[in-house]
Number of protein chains: 2
Amino acid sequence: MARDPGVRREAILGSAAALFANKGVAATTVRQIADEVGILSGSLYHHFDSKEGMVDEIMSAYLEDLQTRFRHVLARATDPRQRVHNLVVASLEVVEAHPHAAEIYQNDVNYLLQFERFAYLKNAGEEVRNTWLQVIEEGIAQGAFRGDLDAKILHRLMRDAVWLSVRWFTPSADYTITHLADDCTSLFLDGLTTAR
Amino acid sequence: MARDPGVRREAILGSAAALFANKGVAATTVRQIADEVGILSGSLYHHFDSKEGMVDEIMSAYLEDLQTRFRHVLARATDPRQRVHNLVVASLEVVEAHPHAAEIYQNDVNYLLQFERFAYLKNAGEEVRNTWLQVIEEGIAQGAFRGDLDAKILHRLMRDAVWLSVRWFTPSADYTITHLADDCTSLFLDGLTTAR
DNA sequence: GTCTATATTGCGATAGAC
DNA sequence: GTCTATCGCAATATAGAC
């Protein structure tokens, strides 16, 4: 604890997160995690109470970051277009900061929600939803966004499109997450069509 | 076999698909499937060679239907806007016809791709991708779609948004999959903004 | 076609030496 | 903090009676 606060813990969590994301939580064994780290499976239980304990830490950190960023977006008042863009940017940034956790959430929410321990995943999902809804409905109310499309539908389409970028997007030097964010916002707000 | 060609098989596959979709393939046990059907787990092996055998049948039927529909869309030549719409409709229809399989694919592709048996999932994914790409690039080439957005990015955003509707959309009398398809197409092509 | 019964393997987790 | 060793259990799958 003195000079090595939790380096080993972090290493374990990193390996575990990668395995959980790639193979699924249920299909990943504690022995595989231990192998990756270079220790024996029993030794993991000095650091964590259980496999689910590892998942818990990974997901908690992810969701706290996510919620913080989403609250900041709501707190900053600007025009509707900019607010949608800020939500897109916040989503992409948190996914970039926690890529494994984001993928675990995408793949394994249903599975994890079977454990009472992970009930908080539901709350986080609802907060994300409410944030999107608020931004969209505000835009409609102000006349900036079309009123003929249901906000609940719109929120799902945009949210999922952005979220799932974790499965395919890897930033490069000439196409960064800023570029992707701009393109997402532009597609959602302006559409694909040229002439009108 | 005479008058009961495969009713029981179908019942088993139905229960299995629902469980796989809700809890994940790896986390679903053959005992749970057997319980659901009202037989003992050993009896399942009279109908299927293994748990993966069941997944295989579920996913094969889904992907064949999907590929057939996507090929039909490509075969029918119309304007780019209509073609994008047709892809959206085809996606939503196949998801409606195989809701469990669609969800299994979303949640468990990575897991399933670990088995050689499921290598065909990769091919199907690529065919879907290529179909979207062809339609989008055609639209750009014809000047109907904006050329400043990369087709590969666009395809992913639209495809994932439509695909993931399987997680939240349940058709009702006054909001059917036709309505959802219209709204998807309208959002993607016209955008959310009112004034320009 | 389903049952009983069980083989076999691999899992999560623990106890205690070092 | 990691190892050795292992417990207890649940998983997939099989064999053979009915």
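Each chain gets a letter, A, B and so on, in the order its sequence line appears, and its residues count up from 1.
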Engineer: Consider the side chain of L40(A), meaning its heavy atoms from C-beta on, and name the nucleotide among dT2(C), dT2(D), dT4(D) that approaches it most closely.
Structural biologist: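 Of the candidates, dT4(D) comes closest.
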
Engineer: If I take atom CD1 in residue I39(B) and atom C1' in nucleotide dG1(C), what distance separates them, rounded to the nearest angstrom?
Structural biologist: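 It works out to 9 Å between those atoms.
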
Engineer: Can you tell me the distance, in whole Å, between the CD1 atom of I33(B) and the P atom of dA11(D)?
Structural biologist: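 Rounded to whole Å, this separation is 11 Å.
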
Engineer: Look at the side-chain N and O atoms of S43(A) and state whether any lies under 4.0 Å from the OP1 or OP2 oxygen of dG1(D).
Structural biologist: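 Indeed not, no polar side-chain atom of S43(A) lies that close.
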
Engineer: Could you check whether any side-chain heavy atom of V37(A) comes within less than 4.5 Å of a side-chain heavy atom of R8(A), counting everything from C-beta outward?
Structural biologist: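 In contact.
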
Engineer: Testing the 3.5 Å rule here: is there a donor-acceptor pair between the side chains of H179(A) and T176(A)?
Structural biologist: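 There is such a pair (donor and acceptor under 3.5 Å, judged by atom type) between the side chains of H179(A) and T176(A).
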
Engineer: Checking T194(B) side chain against G143(A) main chain: does a donor-acceptor pair fall under 3.5 Å?
Structural biologist: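 Confirmed, T194(B) side chain pairs with G143(A) backbone.
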
Engineer: Please state how far atom CZ in F48(B) lies from atom P in dT12(D), giving the value in whole angstrom units.
Structural biologist: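 Checked: the CZ to P distance equals 15 Å.
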
Engineer: Test: side-chain hydrogen bond (donor to acceptor under 3.5 Å, both in side chains). Region: residues 156-170 of chain B. Which pairs qualify, not counting sequence neighbours?
Structural biologist: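 Sorted result for residues 156-170 of chain B: Q106(A)-R167(B), N107(B)-R167(B), H155(B)-R159(B), R156(B)-D160(B).
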
Engineer: Distances under 3.5 Å between protein N/O atoms and the N/O atoms of nucleotides 8-13 of chain C, please, pair by pair.
Structural biologist:
from, atom 1, to, atom 2, distance (Å)
dG12(C), OP1, T28(A), O, 3.4
dG12(C), OP1, K51(A), NZ, 3.2
dG12(C), OP2, V30(A), N, 2.9
dG12(C), N7, R31(A), NH1, 3.1
dG12(C), O6, R31(A), NH2, 3.4
dA13(C), OP2, Y45(A), OH, 2.8
dA13(C), OP2, K51(A), N, 3.1

Engineer: Rounding to a whole Å, what distance do you find between K23(B):NZ and dA11(D):C1'?
Structural biologist: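 K23(B) atom NZ is separated from dA11(D) atom C1' by 14 Å.
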
Engineer: Find out whether E138(B) and P80(B) are in side-chain contact, i.e. whether some heavy atom of one side chain is under 4.5 Å from a heavy atom of the other.
Structural biologist: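 No, too far: nothing below the 4.5 Å cut-off.
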
Engineer: E64(B): what forms a side-chain contact (heavy atoms from CB on, under 4.5 Å) with it, not counting sequence neighbours?
Structural biologist: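 Once residues adjacent in sequence are excluded, the partners of E64(B) under the side-chain contact (heavy atoms from CB on, under 4.5 Å) criterion are S60(B).
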
Engineer: Measure CG/L44(A) against C1'/dA15(C) and give the value in whole Å, please.
Structural biologist: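 Atom-to-atom, L44(A) to dA15(C), this comes out as 16 Å.
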
Engineer: Do the side-chain N or O atoms of H46(B) get closer than 4.0 angstrom to the phosphate oxygens (OP1, OP2) of dC3(C)?
Structural biologist: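 For H46(B), the contact criterion (side-chain N or O under 4.0 Å from OP1 or OP2 of dC3(C)) is not met.
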
